[in-house]
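We name chains A, B, ... by the order of the sequence lines, and we start the count at 1 in each one.
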Amino acid sequence: MPLQVYNSYSRKKEVFESITPGHVGMYVCGPTVSGESHLGHARPYVTFDIVYRFLTYKGYKVRYVRNITDAGHFEEEGREAEDKVSKKALLEKLEPMELVQKYTNLYHWAMRRFNNIDPTIEPTATGHIVEQINMIQKIIADGYAYVVNGSVYFDVKKYAATHDYGKLSGRVIDELLETTRELEGQEEKRDRADFALWKSAAPEHIMRWTSPWGEGFPGWHIECSAMATKYLGAEFDIHGGGMDLQFPHHESEIAQSTICNHKAPVRYWMHNNMITINGKKMGKSYNNVIKLTELFSGDHPLLTQAFHPMTIRFFILQSHYRSTLDFSSEALTASEKAFKRLWDAYETLKQLNFAGNTSSGEGFDAELDAKINTWLNEFEEFVDDDFSTPKVLANMFEMAPIINSLKDGLLPSTAIAAATLQLMKDKFKVFLEDIFGLQAISGADNEALKGVMQLLIDIRKEAKTKKDFATSDKIRNQLAELGILLKDEKGGEMSWSIE
RNA sequence: GGUCCUUUGGCCGAGUGGCUAGGCACAGCUCUGCAAAAGCUUCUACAGCGGUUCGAAUCCGCUAGGGACCUCCA
């Protein structure tokens, strides 16, 4: 069954065919690194990580480009206003690249904890100023942009006369032209619908580059067009991002790239839906974000506990990427338990071994065996169907009781064929680990381990008090074999560390 | 105001017109020294009203609620 993806541009599912056989070019809008990533940001990166992993599984060589937006109107809360006064020494002032570095590092840390595979290219906007300027010049040369006071604007009205501006986001151009909203700097534009390709920088603006039009900085949309064109070509396969980027960001990207490269840039537009909290979109402007660091530490009034990145990944996979996903501590707790049960069953499955089983032997359950094969074969079918990860998980949960029953002998070990068991092991591994990118929750930062260690310490203390050195030594020696060092301290206290 | 989307059992969440998705919680039972884990069983919902159809959670209309975008936003 071929892969089908929902194309936001056509508003329907389409069979996926790459432009270059065997290769896929995919661009995903990355973070603006002027602040800390929150739960809402996690969704696209997990979603498109699955897309990347699945395409790779399908045999494609994927060039996955995900940008870092590190240029623009940058400020850090509480610092910007002060810096505008600008009488401080250099080292006291906000250094934009310092800010960008800090949040880029934090973002990368979070991505690794989610077990997201790094994109093959992660370009920065500031590293592609030249490409952006070149692109703007081409657009001006073609007559679709104009310069005013050192800024450059895209002429949407002219573009719309011959192109379908608004198709991706379902806008009607006439309505856009009539928008009554009053915004700063709008008077320079010929038309309200026009958008900036390059902005002249006011004296206090902290990020600025020299351009043919004076000192300034690039408009928000041009970076993606420039970098996607550079690394993926004038036309590429998949462009992903959050639904909230459809307009104006992606709409503008289409317009710029189309004028510059003389063809529509993207074959398949994919948009993930929002994560909501109490039914409302999680977003900075709504003041309802939960940062990833808060989620991992549990340090937030709405959280009853800390949540492991794998729990969050699993939580995201339990819903379809085009549906909103409502966050609550309760929902995450449910996901945590569910994930643990599923993963335990998977670990159990790996230990099972019924090598001699045949489909004609004593105790063989043909119906069960067939059902399992059906469930397993549906894995790929479901992901093929626009990445229906929740259905795959549902099938896995159908098999969890079977796995556990086989282990406990509640089902005869001869009930399923050896080949079926092997297929189960293979499919679970491929889908759970390789495609879904899930992994075991473990490590020394685990509260459970700390509890276990305290328990052992208590037992050892008691044993020592009773001069039961056989027991106390056993505990210490066996832990040492596991790489855990137990240390006696003055006053009878004990501490431990992992070597 | 404009455009579009959405409304599923206590909660989360799949659902291509026809057979109980799944998870979590709850309850009962089995197992167990106790517990946990595990297993089994129970809980059959589709906002309301009307229509199309042999048959609708699924299609159409109206009403009500919620949301997204139109400005930075994943």
Side-chain angles (χ1 to χ4, degrees), chain A residues 4 11 13 28-32 34-35 37-48 66 69 72-75 107 166 168-172 174-176 178-186 192-193 195 220 240-251 271-276 278-286 289 314-342 344-345 348 375 378 382 385-386 388-411:
Chain A
Q4 287 192 287
R11 286 154 204 273
K13 276 186 206 170
V28 174
C29 285
T32 301
S34 62
S37 296
H38 59 74
L39 175 61
H41 295 119
R43 197 170 195 192
Y45 307 133
V46 169
T47 297
F48 291 103
R66 189 180 60 203
T69 299
H73 183 68
F74 274 52
E75 50 190 68
Y107 164 72
L168 176 69
S169 54
R171 291 306 119 139
V172 180
D174 292 335
E175 283 164 4
L176 288 173
E178 285 165 19
T179 307
T180 55
R181 188 179 293 274
E182 289 295 338
L183 288 169
E184 208 182 327
Q186 296 284 304
R192 289 186 190 285
F195 56 87
W220 176 38
M243 260 179 191
D244 50 353
L245 297 181
Q246 255 180 32
F247 190 90
H249 188 54
H250 292 156
E251 200 70 69
H271 291 96
N272 63 276
N273 213 319
M274 302 293 102
I275 286 185
T276 58
N278 294 322
K280 281 215 165 47
K281 173 186 171 183
M282 186 178 286
K284 211 171 176 179
S285 43
Y286 295 90
V289 302
F314 184 81
F315 175 65
I316 289 170
L317 291 174
Q318 270 186 305
S319 74
H320 187 89
Y321 75 96
R322 283 190 290 112
S323 300
T324 55
L325 173 58
D326 200 48
F327 161 85
S328 67
S329 202
E330 197 191 359
L332 268 185
T333 303
S335 286
E336 181 182 77
K337 288 184 181 170
F339 177 56
K340 187 183 180 308
R341 190 163 83 87
L342 184 62
D344 285 350
T348 302
W375 283 327
E378 279 172 342
F382 290 156
D385 184 14
D386 197 32
S388 298
T389 56
K391 288 187 180 176
V392 176
L393 292 175
N395 273 18
M396 287 180 174
F397 275 109
E398 293 282 3
M399 287 179 268
I402 294 166
I403 292 167
N404 288 323
S405 295
L406 285 169
K407 184 197 77 174
D408 294 339
L410 294 167
L411 273 174

Colleague: Partners of A:Ala334 by side chain to side chain contact (heavy atoms under 4.5 Å, CB included), sequence neighbours excluded?
Modeller: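 For A:Ala334 there are no side chain to side chain contact (heavy atoms under 4.5 Å, CB included) partners, ignoring immediate neighbours.
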Colleague: Specify whether A:Tyr45 and A:Tyr107 have parallel, tilted or perpendicular ring planes, treating 30° as the upper limit for parallel and 60° as the lower limit for perpendicular.
Modeller: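 Perpendicular.
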Colleague: Find out whether the Lys NZ or Arg CZ of A:Arg66 is both under 6.0 angstrom from the six-membered ring centre of A:Phe48 and within 45° of the ring's axis.
Modeller: no
Colleague: In this structure, how many angstroms lie between the P atom of B:C69 and the CZ atom of A:Phe247, rounded?
Modeller: 13 Å
Colleague: A:Leu410 CG to B:A38 P: how many Å, rounded?
Modeller: 13 Å
Colleague: Mapping A:Val172 and A:Tyr286 to their closest nucleotides on RNA chain B, which lands nearer the 5' end?
Modeller: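 Nearest-nucleotide comparison on RNA chain B picks A:Val172.
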Colleague: Rounding to an integer number of angstrom, what distance separates B:A27 and B:G18 when you compare their C1' atoms?
Modeller: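 Pairwise C1' distance, B:A27 against B:G18, rounds to 33 Å.
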Colleague: In whole Å, I'd like the distance from the CZ atom of A:Phe195 to the P atom of B:C72.
Modeller: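 Whole-Å distance recorded here is 12 Å.
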Colleague: How do A:Asn404 and A:Gly170 order along RNA chain B: which one's closest nucleotide is nearer the 5' end?
Modeller: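 The residue closer to the strand's 5' end, by nearest nucleotide, is A:Gly170.
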Colleague: Under 4.0 Å, heavy atoms only, any strand: does A:Gly283 hit a base, just the sugar-phosphate, or nothing?
Modeller: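 No contact at all - A:Gly283 keeps every heavy atom at 4.0 Å or more from the nucleic acid.
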Colleague: Counting C-beta onward and ignoring hydrogens, is there a side-chain heavy-atom pair between A:Pro248 and A:Arg171 closer than 4.5 Å?
Modeller: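 A side-chain contact is absent here, since even the closest heavy-atom pair is not under 4.5 Å.
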Colleague: C1' atom, B:U8 versus B:G1: distance in rounded Å?
Modeller: 32 Å
Colleague: Work out how far the C1' atom of B:A45 is from that of B:G51, and round it to whole angstrom.
Modeller: 23 Å
Colleague: Can you label the angle between the A:Phe397 ring and the A:Phe314 ring as parallel, tilted or perpendicular, going by 30° and 60°?
Modeller: perpendicular
Colleague: When you compare B:A25 with B:C59, how far apart are their C1' atoms, in angstrom units rounded to a whole number?
Modeller: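 Those two atoms are separated by 35 Å.
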Colleague: So, do A:Thr324 and A:Lys281 sit near enough that their side-chain heavy atoms are less than 4.5 Å apart?
Modeller: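 A side-chain contact under 4.5 Å is absent here.
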Colleague: Would you say B:A74 has OP1 or OP2 under 4.0 Å from some side-chain N or O of A:Asn272?
Modeller: no
Colleague: Take the protein atom CE of A:Met282 and the nucleotide atom P of B:G67, then report the distance between them rounded to whole Å.
Modeller: 15 Å
Colleague: Using the P atom in both, what is the distance from B:C40 to B:C46, to the nearest Å?
Modeller: 28 Å
Colleague: Is B:U3 paired to anything, Watson-Crick or G-U wobble with both distances less than 3.5 Å, and if yes, which nucleotide?
Modeller: B:A68
Colleague: According to side chain to side chain contact (heavy atoms under 4.5 Å, CB included), who are the partners of A:His38, at least two apart in sequence or on a separate chain?
Modeller: A:His41, A:Met282, A:Val289
Colleague: How far does the C1' atom of B:U3 sit from the matching atom of B:U42, given to the nearest Å?
Modeller: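 About 47 Å, rounded to a whole number of Å.
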Colleague: B:G67 phosphate, OP1 or OP2: any side-chain N/O from A:Lys280 under 4.0 angstrom?
Modeller: yes
Colleague: Report the C-alpha separation of A:Phe339 and A:Gln318 in whole Å, then their side-chain angles, then the decisive distance to 0.1 Å, and conclude whether the side-chain contact (heavy atoms from CB on, under 4.5 Å) test is met.
Modeller: CA-CA 10 Å; A:Phe339 177 56; A:Gln318 270 186 305; over 6 Å; no
Colleague: Using purine N1 to pyrimidine N3 plus N6-O4 or O6-N4 for Watson-Crick, or N1-O2 and O6-N3 for G-U wobble, both under 3.5 Å, which nucleotide pairs with B:A35?
Modeller: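 Partner of B:A35: none.
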Colleague: Which whole number of Å gives the distance between the P atom of B:C12 and that of B:U71?
Modeller: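 To the nearest whole Å, 32 Å.
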Colleague: Can you measure A:Met274 atom CE to B:C4 atom P for me and round it to whole angstrom units?
Modeller: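 Nearest whole value for this atom pair: 19 Å.
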Colleague: Would you measure the distance from the C1' atom in B:G28 across to the matching atom in B:A74 and give it in whole Å?
Modeller: 45 Å
Colleague: Within the structure shown, what part of the strands sits under 4.0 Å from A:Met396 by heavy-atom distance: base, sugar-phosphate, or nothing?
Modeller: nothing
Colleague: Side-chain contact, heavy-atom cut-off 4.5 Å: A:Tyr321 with A:Asp386?
Modeller: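 Contact flag for A:Tyr321/A:Asp386 side chains = yes.
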Colleague: NZ of A:Lys281 versus C1' of B:U6: gap in Å, rounded?
Modeller: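 Value for this atom pair: 16 Å.
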Colleague: May I have the distance from A:Leu168 (atom CG) to B:A68 (atom P), rounded to whole angstrom?
Modeller: 19 Å
Colleague: Along nucleotides 9-25 of chain B, 5' to 3', which nucleotides get a B, which get an S, and which get a -, given that the test is a protein heavy-atom distance under 4.0 Å?
Modeller: --SSSSS-----BSSSS
Colleague: Please report, rounded to the nearest Å, how far the C1' atom of B:U3 is from the CD atom of A:Gln246.
Modeller: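 Computing the A:Gln246:CD to B:U3:C1' distance gives 12 Å.
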Colleague: Any strand counts, and the cut-off is 3.5 Å on both contacts for Watson-Crick or G-U wobble. Which nucleotide pairs with B:A47?
Modeller: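 Checking every strand shown, B:A47 finds its partner in B:U63, with both distances under 3.5 Å.
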Colleague: With sugar-phosphate meaning primed atoms plus P, OP1 and OP2, does A:Ser285 contact a base, only sugar-phosphate, or nothing at under 4.0 Å between heavy atoms?
Modeller: base
Colleague: In the strands shown, is B:U16 matched to any nucleotide by a Watson-Crick or G-U wobble pair with both distances under 3.5 Å, and which?
Modeller: none
Colleague: Quick one: label A:Met243 by what it contacts on the DNA or RNA (base, sugar-phosphate, nothing), any heavy atom closer than 4.0 Å.
Modeller: nothing
